Protein chains: 2
Amino acid sequence: MSKRETPTIKDVAKLAGVSIATVSRVLNKLAVVNPETEEKVQKAVAKLNYQPNAVARSLKLNRTKSIGILLPEVSNTFFTEIVEQLEHLLSPKGYALLVCSSENSVDEEKRKLSFLLERNVDGLVIIAVSDEGSHFGDLDVPLVMLDRKIEGLSKDVIVSDNRQSAYDITRRLIGDGRRRIGFLGGDPHVHTSVERYRGFVEALTHHGLPVEERFVLHEGMTMKSGYTLMERALSFEDCPDAFFIVNDMVHIGATSYLMEHAPKSVRHTMVFASFDYLHYAPLLRFCHYAVAQPLEEMAKLAVQILTLRIEGDLTDFPSTTVFQPTIVVMKKSEGELSNGSPPPRFNKEFS
Amino acid sequence: MSKRETPTIKDVAKLAGVSIATVSRVLNKLAVVNPETEEKVQKAVAKLNYQPNAVARSLKLNRTKSIGILLPEVSNTFFTEIVEQLEHLLSPKGYALLVCSSENSVDEEKRKLSFLLERNVDGLVIIAVSDEGSHFGDLDVPLVMLDRKIEGLSKDVIVSDNRQSAYDITRRLIGDGRRRIGFLGGDPHVHTSVERYRGFVEALTHHGLPVEERFVLHEGMTMKSGYTLMERALSFEDCPDAFFIVNDMVHIGATSYLMEHAPKSVRHTMVFASFDYLHYAPLLRFCHYAVAQPLEEMAKLAVQILTLRIEGDLTDFPSTTVFQPTIVVMKKSEGELSNGSPPPRFNKEFS
DNA sequence: TGAAATAATGTAAACGTTTACAATCCATAC
DNA sequence: GTATGGATTGTAAACGTTTACATTATTTCA
């Protein structure tokens, strides 16, 4: 493998017999240049297979055409759906995506943040680890907080109406005649979790139902906690016949516990309502109501705001946009196996 | 928000009353500097909250400390598990991850490849879209092909033994007494798919079983194709009572079709063996045997090879490493609901 | 015909670093 | 007292671009 050096603009200039300024002009098309010269340059470019050096350009222009995205976990399906959308929207605009995981740790989040800043990203999309986010306060890089809000932080925020949706699906459960509804999973420092619990409680109280402490099992947002919490729940003699589940991970854990260990009677009556409607949703057999967040629109708005702020075309105060998710009714009947909705990825069906 | 300029090394030098060379030396610790001077510099750095400009450094050093990762789809769980591992391993070494989706298109793959090259990534991890990968041939950037091999390409390759694993799980089905085993999903241009089919066929023929064309339904690797292929399969009067499924997406589609539409008799006897053992594996109720690829080790090796090649400490011919996956036995009994293995993410259990 | 305007191109500085080399200082040894 | 050398620091070039400004060639028009 010959260690041939990559050609620079100088090489092109020399080969074309022009100055490097002219080459630059041809490549960036921001000044008129004689068609003949242009052709000479293009030929030289083609011959050398020249590719401009983005690093040098970044240094000169003081913008890197890159966006940092900082999220709590890379392998979380919900987050990666967002990343996919962002990539799809940003890459046609010439932006690169620097993906960083804060690994669910505030400290790591701080480290990764300054890592991204050192690299001079033009903008940031943040899915915050927790409500402790003071380190995001003082930056002068365009920054959008996505999915999770941090109270008291003056930044652009894009979230779902977690409280309202939680309220809605809880109400659906009540409307179906469920009276003892448990709550599964949660984290007091995660904005979405707190909001969802709030909506859950509101729905219960508005319908004259008590919030039984015993059945509010909100420790953790992982599959494991879903599994063990459901185990705990089933140990109650008067176990709820319905659960509000805080997110998909907990949901999977809870479902698999039921599949493995619950008696038939429980499996035939148990009903879940939960957040997130992702590609494995059709497998979540106890789920009757799911909250589908409008990820594409949220990502689209994030990109809009970000690019506008980067270009300097948006100097308003930071905005907060709250999207209304749709409620997906996953099955109409109570039959254990009839799952009314088709697989979500290729044919979404909203109520 | 005051548009204060970020301080440069010059500002630090001025404040500390030294030359920029000294500042650089202090920061990079590659030359001895008087302890007193060092302290002055450190103080200035702290006072200005100076962060070195990574772009300028990249230009000078001709390395960006960044790795491009190019994959067919960002939201694919299997791929993102890999990305998570890579991020976890590379970020402590100071590398940034540029994530690009080729969106399952060879053309897009080419575009994204040159996009990454323009940005002077120090290395590349490629999960190829298809076996048409000549565009990867001539680069002089360190490059590792992960998960999918491209025949005839002289690059470092890290894959699972897809053929052997396919053989193994097919054999398990046969060992369980299954005689009519179908094949679900696939793509003639995807290396993993081809290998898996090969292993499947070998297992059948080695055991004297015919490969019935009718039951080899390999069109597509998506959830949708899993859904419709299973529909097609069930329309046969003599539908197989077991299926080899090419990957998780097809698996989800097939499972949800069965959950929705299959008669009880089918649901009680149908058995799947498939690739990929991911976090929603416990929900895949028809799955008896799953191939769990050693993603962490594969990622670890990829990072090792990549960093060695980047440092120039590895100049051997490209190597091909084939990892042996483990077979996860997901349930022992035929009972529809008894899923013997616990949720995978927090307690893997291999046979 | 010549001045002025226009078009096309070139020159050189700048972006923020790293680092080879030069320069200074000071102690030691003769 | 002067040479030697080590320790420390400074100077300036370089990385590959973009772009303000200068320069040259060409056209226009009084």
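Treat the numbers as computed from the prediction; the structure is a model and nothing was measured. Residue numbering restarts at 1 for every chain, and letters A, B, ... go by the order of the sequence lines.
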Donor/acceptor link under 3.5 angstrom from B/K60 side chain onto base of C/dT18: yes
May I have the distance from B/R63 (atom CZ) to C/dT17 (atom P), rounded to whole angstrom? 15 Å
What pairs of residues pass the side chain to side chain donor-acceptor pair (under 3.5 Å) test when at least one of them lies in residues 113-126 of chain B, not counting sequence neighbours? B/T64-B/D122
How bent is the helix from C/dT1-D/dA30 to C/dC30-D/dG1, measuring the angle between the end axes built from five pairs each, rounded to 10°? 70°
Please report, to 0.1 Å, the donor-acceptor pairs under 3.5 Å made by any side chain of residues 91-99 of chain B, with sequence neighbours excluded.
{"residue": "B/S91", "atom": "OG", "partner": "A/K112", "partner atom": "NZ", "Å": "3.3"}

Check nucleotides 24-27 of chain C against the protein and report each pair of N or O atoms closer than 3.5 Å, with its distance, or say if there are none.
none

Taking the nucleotide of DNA chain D with the nearest heavy atom to each, does A/S24 or B/T22 sit closer to the 5' end? B/T22
Using salt bridge (charged side-chain N to carboxylate O under 4.0 Å, His left out), reason through A/D156 and A/R309 one step at a time and then give a plain yes or no. CA-CA 10 Å; A/D156 290 298; A/R309 290 227 185 264; 2.6 Å; yes
Whole-Å distance between D/dG10 P and B/I9 CD1? 12 Å
Check whether the side chains of B/S160 and B/Q293 place a donor and an acceptor atom closer than 3.5 Å, and report yes or no. yes
Distances under 3.5 Å between protein N/O atoms and the N/O atoms of nucleotides 21-26 of chain D, please, pair by pair.
none

Rounded to whole angstrom units, what separation is found between the CD1 atom of B/I20 and the C1' atom of C/dC21? 15 Å
Return the residues of residues 35-59 of chain B meeting this criterion: a heavy atom under 4.0 Å from some atom of DNA chain D. Order them by number, or give none. B/T37, B/L59
